[in-house]
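Reading through the structure tokens given below for one structure.
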Amino acid sequence: MLCRPNWNRHCERSEAIHATSRVSGLRRRCAPRNDAPCHLALTEAIDDHKPMDSERYNARVAEPKWQRIWEEREIFRTRNNDPREKYYVLEMFPYPSGRIHMGHVRNYTMGDVIARYKRARGFNVLHPMGWDAFGMPAENAAWHNKTHPADWTYANIASMRSQLKAMGLSLDWSREIATCDPAYYKHQQRMFLDFLDAGLVVRKKSKVNWDPLDHTVLANEQVIDGRGWRSGALVEQRELTQWFFKITAFAEDLLASLDELPRWPEKVRLMQANWIGRSEGLALRFELDRAKGVKTSEIEVYTTRADTLFGAKFLAVAADHPLAAEIAKNDPGLAGFIAECHHVGTSEAAIETAEKKGYDTGLKARHPFDPDWQLPVYVANFVLMDYGTGAIFGCPAHDQRDLDFVNTYGLGNTPVVCPPGEDPRTFRIAAIAYEGDGVLINSRFLDGLTTQAAREEVARRLEAKSLGNRPQARREVHYRLRDWGISRQRYWGCPIPVIHCAACGVVPVPAADLPVELPRDMSFDEPGNPLDRHPSWKHVACPSCGAPARRETDTMDTFVDSSWYFARFTDPWNDVAATTPAWIEKWLPVDQYIGGIEHAILHLLYARFFTRAMQATGHIGVLKEPFAGLFTQGMVVHETYRSKAGEWFFPADVRIEMGSDGRRAFHIDSGEEAAIGPIEKMSKSKKNTVDPDDIISSYGADTARWFVLSDSPPERDVIWTEEGVQGAAKFVQRLWRLVGELASLAAPAGTPPPTNPSQAAMEIRRVVHMSLIKFEEDIERLRFNRAVAQVHELANKLSVAIGAIESETIGQDIHAAFREAADFLVLMTAPMMPHLAEECWAALGHTGLAAGTAWPAADRELVVEDTIALPVQVNGRKRADLVVARDAGNAAIEAAALALEPVRRALHGKPVKKIIIVPQRIVNVVA
RNA sequence: GCGGGCGUGGCGGAACUGGUAGACGCGCUGGACUCAAAAUCCAGUUCUGGCGACAGAGUGUCGGUUCGACUCCGACCGCCCGCACCA
């Protein structure tokens, strides 16, 4: 015995103290355990591959041991030429922030369960890991700590890698990639140039959030209340020439193909569909009456409501519309109004409260169906330049924004669509526009038509009518989706491989010169783009004419890096090309992708774009969709603790007490009572974090894995509680004891199931096989919480079976049944608690690894019972159970049901009207 | 505003395509073991009434369909998420 009872006792105490005294890597008050017994146990067990001979499972000894054995035997290494059917399971790779958090634990545990399960079922499983290693935090760290982003990033990768290894994940580490490695990003640069060739990359002007103090572009989320997050300066809108991926070229396909993703959450497909935002409408030109020296002779508007054309009261163009600029040249009032529009923030709050304002240009537009009908032309703050044509016609009766606008400027409204059930003679619009369908009124030749038919009629007539030499209108499909701007004025990103030459323009970096590597010698003590300030890096000769030229100093958005990493995993060793056709063909699409819902739109849409662009440029064969199955897991949340002074406390620094008035929290050091706050996403600011390292070192990885799979459905948030973790830890011990008991009753390893079992042995087999069948269903459908419950239930039933059997004499059939039960139980838990399973597997006398053992075969015939218990209802309320032969006829069931005493009582002597029998399910007596 | 989702014990949650509501876990109560505690094991735990067998009520609220509704339909209340001046 390595662990004696009194040593165990000691350890439990110390473990409990340990668990509550841990802090997220910031400080550790509790001295490391250096008591002799633990160390003795540690060294002995590691040197000895025999199972631990103990009443108590010691995760701290077992976990490193099995991790080492898995690594030595390379059992998780995946070979591309393995002939078995493939299965590719992938979790969204992490940003190397420094330490893993509980969200990672949950995400990677789920993926690992699937990987281990599929491997046991005979698939050739690809389960790789890498690092989304470019990004701003590295640059911020450089700025704050004077460390180089590369050093900071690689140090973080090293520590997070060892953390992930401590979780016992069945990953193929030989395929590890980091996006900041030139060996990775050189292929990305090559693809950028291929996309450029194919017309999928364009350069155009675009508005950005500009921080005038830091001289840098800010992402929207870096603008807080209109100010730069770091400098606090008021952010300006600036136009910069930037690089764009033409994601809009695939808008239609990206939308339509969502229907071919049945294994994606409906919610995500819907979000993407909304984001792409397809609308069908009419691009329609209005003729302008020339005035004020304006040369423009027409305005093109886009509308989805051509049916409301006779309700038009005005036209409006965006402040950035060319026409507005043209008029403003000679109209200082308008110039002032346009400037005012530019000052209004783009934040949600600003839009919400912004009044609808306009400036009357004095221009008049002619109604397409009536040259004498003149509509005033406004410049309006609510018209967006980057949707449609940047110009609209306003129909106030049937558009709320237009109505708000006319109510300010007194233009009035005419209803032209009468809602169903309204009287057209009395129907009026006041403060609320009617935006639904109906029948046309006040609309000349459209009167009486439905809105649908009226749209069609207007389109038909205006397509036939000409203005200038062209039809006055054409049907158009518009998308909300914009091209993807990828230019970032940052150092720590993939350099955009082009050179700007005064004579030749934009010149791609020749393939032979790739990669364009980031310079190492950098200073980060000034704001702005460090690459731009580097003394020599950007000065190069033009590859085309040899004249002095300037290297592009913008780097790519980090979303580019993560848009194709899943493809790189299929052959990360290919030095000459991003992908190898045969292995792309073999491995893609990813069968199961798992990650957070926060990536529902951008990352997943960009990856879908990339597979299409890669296909167009020959990097991918016929594939279009990268992820056949997608699962979005919930967050790990925790309650918050706060002192009276408003100071947050880490859960590890808080002691919970159960009082008569419920749970109360006390700060351990000061004894001060802390208010228990709402359960929220774990965050550093509220200190409601639990460090996976602490959990793994005090309870073990298996406990952490088991806990994050338990209780909550995987797509929902899981609440981290100390009680819950302890429950998981207890179950680890319980399973270890149970397997020990089963081992003492089981026939030797390798004994087949009993051929002619007694009733008792049969019952054990039935329970075990039934559990296995349900467990498989749950895992296949990613219902891990139910799978966990299934294991609990099986453990309970086997405990009962052991208790029931002990007093009797045990036959060989019982021994054989327990052998099967023990083996099945351990193999079922192996995907979730792999270390414990190995230890149990060895304790059961097996010489191989549980991780290398085929999944047990469930016998569906076995679970079919001869007799079944049918619930019997009277008028829909359950009154009794009826035990009948499985194949009993309806007449026999009816008679037996009516003979039941509780049924007779419930009938109160009333005559039976009819009896409904649903075979194998239920009997309902209607009286 | 638009789009989507969800409301079940003290808590997290189960309940397959309409068929025994509350699996499983946490917590709690009682008991066994112990000098004692921890751990472990056993029993109980939706609510109301009853010592009890049992009876009644019960899945946010109200109504409907059905032999039968957590599940389907309608209205309402509450919470959550996404998008947001997209013409």
Side-chain angles (χ1 to χ4, degrees), chain A residues 5 8-9 12-13 16 55-56 265-268 270-275 277-279 281-282 301-305 308 316 348 351-352 354 356 380-384 386-395 398-402 404-405 435 478-482 597-598 600-601 658 662-663 707 710-713 716-719 721-728 730-731 733-734 737 774 777 781 783 785-796 799 803 869-881 902 905-906 913-918 920-927:
Chain A
N8 283 340
R9 230 165 265 166
E12 271 154 26
R13 278 276 164 80
E55 291 167 21
R56 195 172 163 76
E266 182 67 39
K267 181 189 169 90
V268 174
L270 201 77
M271 280 163 74
Q272 292 216 349
N274 288 341
W275 187 261
R278 185 182 198 275
S279 76
L282 204 62
V301 305
Y302 176 72
T303 181
T304 55
R305 292 299 304 273
T308 63
E348 266 181 47
I351 288 167
E352 194 115 357
K356 304 272 177 292
N381 65 351
F382 66 97
V383 180
L384 304 175
D386 53 3
Y387 186 81
T389 60
I392 60 156
F393 80 81
C395 176
H398 304 292
D399 183 289
Q400 191 59 48
R401 292 158 305 180
D402 298 347
D404 293 344
F405 185 76
E435 299 183 346
H478 281 236
Y479 300 92
R480 210 187 74 104
L481 184 69
R482 301 294 141 70
I597 187 75
E598 67 274 19
I601 297 175
M658 291 299 297
R663 297 169 71 248
F707 177 72
S710 307
D711 285 352
S712 287
R716 267 192 245 175
D717 292 349
V718 64
I719 305 169
T721 61
E722 190 57 33
E723 293 92 333
V725 180
Q726 275 168 11
K730 280 182 195 173
F731 187 70
Q733 296 304 333
R734 179 164 177 229
R737 283 194 306 273
K774 288 183 180 169
E777 282 171 9
R781 294 166 66 180
R783 294 158 61 143
N785 58 321
R786 285 183 36 134
V788 164
Q790 213 54 249
V791 172
H792 274 289
E793 204 167 337
L794 177 58
N796 290 345
S799 290
L870 274 182
V872 181
Q873 299 179 324
V874 176
N875 292 330
R877 191 164 188 94
K878 191 202 165 190
R879 294 295 171 177
D881 278 314
R905 231 184 308 130
K913 284 195 198 127
K914 62 174 166 176
I915 300 178
I916 290 154
I917 298 172
V918 183
Q920 320 278 319
R921 279 225 177 263
I922 206 161
V923 179
N924 192 10
V925 180
V926 186

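Just so we're on the same page: letters track the sequence lines, and every chain starts at 1. Just so we're clear, the structure is a prediction, and the values are computed from it rather than from any experiment.
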For A/Glu793, enumerate each residue passing the side-chain contact (heavy atoms from CB on, under 4.5 Å) test, keeping only those at least two apart in sequence or located in another chain. A/Gln790, A/Lys797
Which residues share a salt bridge (Lys or Arg N to Asp or Glu O under 4.0 Å) with A/Arg879, sequence neighbours left out: none
What is the distance from CD1 of A/Ile597 to C1' of B/G82, rounded to the nearest Å? 9 Å
Taking atom C1' in both B/C67 and B/C80, compute the distance separating them and give it to the nearest angstrom. 38 Å
From CG of A/Asp386 over to C1' of B/A87, roughly how many Å is that when rounded to an integer? 13 Å
Who are the ring pair (Phe, Tyr, Trp, His ring centres under 6.0 Å) partners of A/Tyr387, not counting sequence neighbours? none
Can you name the ring pair (Phe, Tyr, Trp, His ring centres under 6.0 Å) partners of A/Phe382, sequence neighbours left out? A/Phe405
Span that lies between the C1' atom of B/G13 and that of B/C70, in whole angstrom: 14 Å
Considering residues at least two apart in sequence or located in another chain, which fulfil the side-chain contact (heavy atoms from CB on, under 4.5 Å) criterion with A/Leu270? A/Asn274
Can you tell me, in whole Å, how much space there is between the C1' of B/U45 and that of B/G22? 12 Å
What's the closest nucleotide to the A/Lys914 side chain, out of B/C24, B/C67, B/A87? B/C67
Which parts of nucleotides 11-19 of chain B does protein reach within less than 4.0 Å, heavy atoms only, written one letter per nucleotide 5' to 3' as B for base, S for sugar-phosphate only and - for none? -BSSSB--B
Applying salt bridge (Lys or Arg N to Asp or Glu O under 4.0 Å), name anything that partners A/Asp402, two or more places apart in sequence or on another chain. none
What integer number of Å spans the C1' atoms of B/A39 and B/U34? 11 Å
What's the closest nucleotide to the A/Arg482 side chain, out of B/U20, B/C86, B/C24? B/C86
Short heteroatom pairs, N/O only, protein and nucleotides 70-73 of chain B, under 3.5 Å:
none

With A/Lys878, which residues qualify under salt bridge (Lys or Arg N to Asp or Glu O under 4.0 Å), at least two apart? A/Asp881
If you check the A/Arg480 side chain, which of B/C83, B/A23, B/A87 turns out closest? B/C83
From C-beta outward on A/Phe382, which listed nucleotide comes closest to its side chain: B/A87, B/C85, B/G82? B/C85
Please report the distance separating the P of B/G10 from the corresponding atom of B/A23, rounded so that it comes out in whole Å. 14 Å
In whole Å, measure the gap between the C1' atoms of B/G12 and B/U66 for me. 33 Å
Where does RNA chain B form stems of at least three consecutive Watson-Crick or G-U wobble pairs, each pair having both distances below 3.5 Å? B:1-7 with B:77-83, B:10-12 with B:24-26, B:27-32 with B:40-45, B:46-49 with B:54-57, B:60-64 with B:72-76
Ignoring backbone atoms, test whether A/Tyr387 places a side-chain nitrogen or oxygen under 4.0 Å from the OP1 or OP2 oxygen of B/A87. yes
Just the atom pairs and distances: protein N or O near nucleotides 53-56 of chain B's N or O, under 3.5 Å.
{"from": "B/C54", "atom 1": "O3'", "to": "A/Arg905", "atom 2": "NH1", "distance (Å)": "3.4"}
{"from": "B/A55", "atom 1": "OP1", "to": "A/Arg905", "atom 2": "NH1", "distance (Å)": "3.3"}
{"from": "B/G56", "atom 1": "OP2", "to": "A/Arg879", "atom 2": "NH1", "distance (Å)": "3.3"}

Ignoring hydrogens and angles, does a donor from either the side chain of A/Lys356 or the base of B/C85 sit under 3.5 Å from an acceptor on the other? yes
Just call it for A/Asp402: base, sugar-phosphate, or nothing, with non-hydrogen atoms closer than 4.0 Å on any strand. nothing
Measuring from A/Lys914:NZ to A/Asn924:CG, what's the distance to the nearest 0.5 Å? 9.5 Å
Mind checking A/Leu384 for me? I need base, sugar-phosphate or nothing, with any heavy atom below 4.0 Å counting as a touch. base
Using whole Å, report how far CG of A/Leu270 lies from P of B/C6. 13 Å
Could you list the protein-to-nucleotides 40-50 of chain B atom pairs, N/O on both sides, closer than 3.5 Å?
{"from": "B/U40", "atom 1": "O3'", "to": "A/Arg737", "atom 2": "NH2", "distance (Å)": "3.3"}

